[in-house]
Amino acid sequence: MINGFFSADIIVICPKCGKAGTVRFDKARSIAFFQCSSCYAKQETIPCGTDDVEINAQCTTTGRYFRAAMPKNKIHGQKVNVKCPYCGELVIGDVVKQGGVQQIVFCDVRNAKDPYFHYLLYFQTQYRGKVIWALNREHLQALIDYLSADIRTGLETMDFRFDLLPTFMKTAKNRDKIVKLLTKLWEK
């Protein structure tokens with residue numbers, strides 16, 4: 001859904017001062033870095049991805065597809081039981097990728113947190129009890145452009161899967177109000 005936006009910086013709320021901080025991922029070293037430009041707090045993750053495998057699955061109850069990461073030592077073969085992040089049902093998933101690559105668990109992002117340190121995303125707001133978020137200004141601008149466009153086609157060149165946005169965001173009656181909320185986030 002948001003492949004290109006993970007390669008860019010992710011703007012999060014600094015846990016120390018509450019202002020905007022930046023999370024970056026260094027592919028060469030497989031390490032994520034956090035730095036706050038206000039209070040100069042820093043943090044880095046340990047190298048990751050070497051002992052995990054990626055699992056793709058579809059929930060039989062909700063019908064939704066999802067990805068999960070699992071330690072390599074718990075995998076025996078090409079199929080594995082994995083818990084659905086939406087409803088908690090145990091389903092059979094396929095092992096797709098093994099080791100050497102950074103694994104991002106998208107349930108954290110769905111909950112408006114960065115996938116490395118689990119800090120809250122800086123660009124988030126609520127609309128009728130549902131969280132709307134963006135990873136960075138580029139992602140925020142792409143959402144504004146898509147939702148405010150009269151014809152929403154021809155945007156496949158971006159690294160963003162607009163068809164996977166929640167239905168409430170794409171519904172005509174909600175779009176104008178959501179664009180206003182996203183514009184306020186842009187001014188933040």
Straight-line distance of [X] [atom1] to [Y] [atom2], nearest 0.5 Å:
X      : Y      : atom1 : atom2 : value
Glu89  : Cys84  : CD    : SG    : 7.0 Å
Tyr116 : Glu44  : OH    : CD    : 14.0 Å
Asn56  : Phe66  : CG    : CZ    : 9.0 Å
Leu182 : Arg175 : CG    : CZ    : 13.0 Å
Gln124 : Ile13  : CD    : CD1   : 5.5 Å
Lys16  : Phe34  : NZ    : CZ    : 8.5 Å

Take atom OH in Tyr65; do more than 12 heavy atoms of anything else shown fall under 6.0 Å from it?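 At most 12 heavy atoms, drawn from other residues, nucleotides or ligands, come within 6.0 Å of this atom.
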Check the surroundings of atom CD1 in Ile92: do more than 12 heavy atoms from other residues, nucleotides or ligands lie under 6.0 Å from it?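 No, not enclosed.
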Can you give me the closest heavy-atom contact between [X] and [Y], atom names plus distance?
X      : Y      : answer
Val82  : Ala57  : CG1-CB, 3.9 Å
Lys83  : Leu90  : N-CD1, 3.9 Å
Lys170 : Tyr146 : CD-OH, 4.1 Å
Leu147 : Met169 : CD2-O, 3.3 Å
Cys39  : Cys36  : N-SG, 3.4 Å
Asn174 : Arg128 : OD1-NH1, 3.8 Å

Under 3.5 Å: donor-acceptor pair, side chain of Asp114, backbone of Tyr119: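 A pair under 3.5 Å: yes.
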May I ask you to check if Lys177 and Tyr127 form a cation-pi contact, with NZ or CZ under 6.0 angstrom from the six-membered ring centre and within 45° of the axis? no
Apply side chain to side chain contact (heavy atoms under 4.5 Å, CB included) to residues Ile55 and Val95 and explain how you reach the verdict. CA-CA 5 Å; Ile55 312 296; Val95 176; 3.8 Å; yes
Side-chain contact, heavy-atom cut-off 4.5 Å: Phe168 with Ile132? yes
Are the side chains of Lys113 and Leu121 in contact, using a 4.5 Å heavy-atom criterion?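 SC-SC contact between Leu121 and Lys113 ruled out.
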Step by step, work out the side chain to side chain contact (heavy atoms under 4.5 Å, CB included) result for Cys59 and Cys87. CA-CA 8 Å; Cys59 181; Cys87 69; 3.4 Å; yes
With sequence neighbours excluded, what pairs up with Gln141 under the side chain to side chain contact (heavy atoms under 4.5 Å, CB included) test?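 Counting only residues at least two positions away or on another chain, Gln141 forms a side chain to side chain contact (heavy atoms under 4.5 Å, CB included) with Ile144, Asp145, Trp186.
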Positive for side chain to side chain contact (heavy atoms under 4.5 Å, CB included) with Val23, one of Asp9, Val12, Ile11, Asn136: Val12
All salt bridge (Lys or Arg N to Asp or Glu O under 4.0 Å) counterparts of Arg137, not counting sequence neighbours: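 Partners of Arg137 by the salt bridge (Lys or Arg N to Asp or Glu O under 4.0 Å) criterion come out as none, since no residue qualifies.
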Walk me through whether Leu143 and Leu165 qualify under side chain to side chain contact (heavy atoms under 4.5 Å, CB included). CA-CA 10 Å; Leu143 284 171; Leu165 283 174; 3.8 Å; yes
